[in-house]
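Have a look at the structure below, then the notes.
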Protein chains: 2
Amino acid sequence: MNFPNRKRLILQMVEEKGSVEVKELADLLQTSEITIRRDLTAMASDGLIYRTHGGAMKVGLATNPVQFVNKTAVNSENKDHICRLAAQEIKDGEVVFMDCGSTVFRLCQFIRNKRIQVITNSIPVVNELMQSEVTVNLVGGEVDPARQAVHGLIANEHVARYHAHKAFLGVDGISAQHGLSAHSETEAGMTLAMASQADDVYLLCDSTKLEKDKYVQFAPLSLVQVIVTDPQASADVLKLYQQQGIRVLN
Amino acid sequence: MNFPNRKRLILQMVEEKGSVEVKELADLLQTSEITIRRDLTAMASDGLIYRTHGGAMKVGLATNPVQFVNKTAVNSENKDHICRLAAQEIKDGEVVFMDCGSTVFRLCQFIRNKRIQVITNSIPVVNELMQSEVTVNLVGGEVDPARQAVHGLIANEHVARYHAHKAFLGVDGISAQHGLSAHSETEAGMTLAMASQADDVYLLCDSTKLEKDKYVQFAPLSLVQVIVTDPQASADVLKLYQQQGIRVLN
DNA sequence: TCGTTTTTGATTATTTTTGAACAAATTAAA
DNA sequence: TTTAATTTGTTCAAAAATAATCAAAAACGA
């Protein structure tokens, strides 16, 4: 076993497990501990891993350029629940849209091993899925640094060139009476673009967003086929949506 | 058994198994180890395989798939020199292309505070420049995980919609006789697309790439206006380029 | 056929990689 | 704070792989 091969395997292990030990690697790669140490030192000086006493760690935490602006942390339990449900809907071979919402971002970890194609305008989603089984298609256009996503006219045109089985979208507000609403027009534009090119539109929104109206009201409820939410959602409210022919998962 | 035949079989084996050993090949192809070594050396210089001690690997497996922050570490002094020169050429208000080379990536740190617009197909460049003064425009299309960049037909079309003052591009090889060459056709396509939409094409390449021919030769030297390289570059070689009307910075 | 060129193989010297031993440094525990 | 246990850096030697040189064999063209 030569260095490039070991390097590849070590890197893969570090990525998977987060951290590794010298002994563990020496055992696994059938070589001496000192050789492993040398490998780790070399890799660390290249910035590939973070060297620790007795092993190495994923550099990702420090290097991974952008963490999702911590919005992911709030309400995380409910969001994971929503994402688990949504992930179950995705079959191998499908093409899906994912927009730049924080809930939608959480979906990444549940679909890493699916053989699907994801079309997205979210930079964090691309970073997350780039090293996974998923094939990623990135929407081109102006980058909006605040939202860490691509938006605008060109972006919408790009989306219009594709067709997907499913679209997984986030919104800032949803109500039976006024439909979907958002904080900004640019986000609304992308949501519309993706929705109109997908067979089924899935809205991922935790229960705090139900029956709330925000700045821009941009689409009727009929745009969506499925709403995925958490168990805290009131049954009465959900019934409102179901009466309009929408499937509800919670 | 002649060289073309061995070459074909070796390539096939490398593709299948990911990595091969000299002994293994000598045994299988009924020839001596030294002949195999010669074959491997020749193939490696064409960029078909990655040479290792005792064998060879698939190119994709050897080049680290994640974080190419490491690649920037090798030859970093020379690369910084190149980037400093290149950065000085960029004036506020300009629009520039940046491709997905590792040298080009290093340019990011030198242009963070410029009021310019960058159009790029490189994910690391986007991550790096997203929180800076620079306005970023991302090229859309299929994401190539190995290169951490967007490539392909759609990507090239996207580039064709824009015009830039300058393009900063990396290549794998350059020679006075055969022009520009690359390891893969997809990279070559993006380079061409950007070059044809820019007023001035700047080639960022350290001296190790001068007078080297790689797998795909895709453009004549006349495509570029400026070559930026390091002080190690031989004056004789640079003169060759200057005679063809190219400006050389080093 | 002969002479030339190309390819292959063998030998030796050099380089690279690996492993072992031991002192120095770091961490954890008392 | 001191002691013990790990881990690491350093030096050296052995093993493996490579480069370089030269000779033999095969292929080629006249």
Side-chain angles (χ1 to χ4, degrees), chain A residues 1-14 17-59 61-62, chain B residues 1-14 17-59 61-64 70-71 73-76 173 177-178 207-215 232 234:
Chain A
M1 171 86 64
N2 49 16
F3 175 52
N5 261 314
R6 286 199 307 271
K7 178 174 165 182
R8 185 170 59 84
L9 292 170
I10 292 173
L11 213 55
Q12 190 179 326
M13 256 188 103
V14 171
K17 304 187 35 173
S19 71
V20 290
E21 287 177 23
V22 172
K23 278 183 184 168
E24 184 187 6
L25 290 172
D27 205 45
L28 207 81
L29 302 180
Q30 301 277 12
T31 182
S32 69
E33 296 185 16
I34 184 141
T35 300
I36 296 294
R37 279 200 210 99
R38 273 197 270 248
D39 290 352
L40 295 183
T41 316
M43 292 168 70
S45 86
D46 281 349
L48 278 173
I49 54 174
Y50 181 78
R51 189 77 164 83
T52 63
H53 271 248
M57 280 181 70
K58 195 170 157 180
V59 77
L61 304 172
Chain B
M1 170 88 62
N2 51 11
F3 177 51
N5 260 319
R6 286 200 308 273
K7 181 172 164 181
R8 188 172 52 81
L9 290 169
I10 292 173
L11 211 55
Q12 187 181 328
M13 256 188 103
V14 170
K17 303 188 32 173
S19 72
V20 291
E21 287 178 22
V22 172
K23 280 184 184 167
E24 183 187 7
L25 290 171
D27 206 45
L28 207 82
L29 302 181
Q30 300 280 8
T31 181
S32 69
E33 297 186 16
I34 182 127
T35 300
I36 296 295
R37 277 198 212 101
R38 274 196 270 248
D39 291 352
L40 295 184
T41 314
M43 292 168 71
S45 84
D46 283 344
L48 289 173
I49 55 174
Y50 180 83
R51 189 76 165 86
T52 67
H53 253 92
M57 286 180 76
K58 219 166 132 176
V59 178
L61 289 181
T63 55
N64 31 304
N70 62 330
K71 219 180 162 188
V74 309
N75 232 342
S76 60
Q177 200 177 352
H178 300 110
S207 50
T208 63
K209 289 170 183 160
L210 301 178
E211 289 307 297
K212 296 277 166 64
D213 291 319
K214 300 295 173 176
Y215 179 46
Q232 263 78 55
S234 124

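Lettering of chains follows the sequences in order, A, B, ..., and the numbering in each one begins at 1. Everything numeric in this text was worked out from a predicted model, so none of it was measured.
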Point to revise | Heavy-atom pair with the smallest gap, counting every atom of B/Met57 and B/Val14 | key: C-CG1, 3.7 Å
Check your understanding: Do the side chains of B/Thr41 and B/Arg51 get nearer than 4.5 Å, heavy atoms only?
Key -> yes
**Study point:** Distance, rounded to the nearest Å, where A/Leu40 contributes CG and D/dT6 contributes C1'
**Key:** 16 Å
**Study point:** Spacing of OG belonging to B/Ser234 relative to CD belonging to B/Glu211, to within rounding of 0.5 Å
**Key:** 8.5 Å
Point to revise | Between C/dT8 (P) and B/Lys7 (NZ): distance, integer Å | key: 13 Å
Review point. How long is the line joining CG of B/Leu25 and P of D/dT18, in whole Å?
Key: 11 Å
Pairwise N/O distances under 3.5 Å, protein to nucleotides 15-17 of chain D:
residue : atom : partner : partner atom : Å
D/dA17  : O3'  : B/Gly54 : N            : 3.0

Point to revise | Consecutive-pair stems (3 or more, Watson-Crick or G-U, under 3.5 Å) for DNA chain C | key: C:1-30 with D:1-30
Revision key, fill the gap. Rounded to whole Å, the CD-P distance (A/Gln30 to C/dG19) equals 11 Å
Exercise for review: Working to the nearest 0.5 Å, report the span between CZ of A/Arg6 and CD1 of A/Ile36.
Suggested key: 6.0 Å
Study note, to complete from the structure: Between A/Met13 and A/Val20 the two heavy atoms that sit nearest each other are CB-CG1, 4.1 Å
Point to revise | A/Ala56 versus A/Leu40, closest heavy-atom pair with distance | key: CB-CD2, 4.1 Å
Check your understanding: How close do B/Gln232 and B/Ser207 get, heavy atom to heavy atom, and via which atoms?
Key -> CB-OG, 3.5 Å
Exercise for review: Could you state the atom-to-atom distance from CD1 of A/Ile34 to P of C/dA21 in whole Å?
Suggested key: 11 Å
Check your understanding: Rounded to whole angstrom units, what separation is found between the CG atom of A/Asp39 and the C1' atom of C/dG19?
Key -> 13 Å
Review point. Is the shortest side-chain N/O distance from A/Ser32 to OP1 or OP2 of C/dT18 below 4.0 Å?
Key: no
Side-chain donor/acceptor pairs under 3.5 Å, residues 24-32 of chain A, sequence neighbours excluded:
residue : atom : partner : partner atom : Å
A/Glu24 : OE1  : A/Glu21 : N            : 2.8
A/Glu24 : OE2  : A/Lys17 : NZ           : 2.3
A/Ser32 : OG   : A/Thr35 : N            : 3.4
A/Ser32 : OG   : A/Thr35 : OG1          : 3.0

Check your understanding: Want to settle it: does A/Thr31 or B/Arg38 sit nearer the 5' end of DNA chain C, counting the closest nucleotide to each?
Key -> B/Arg38
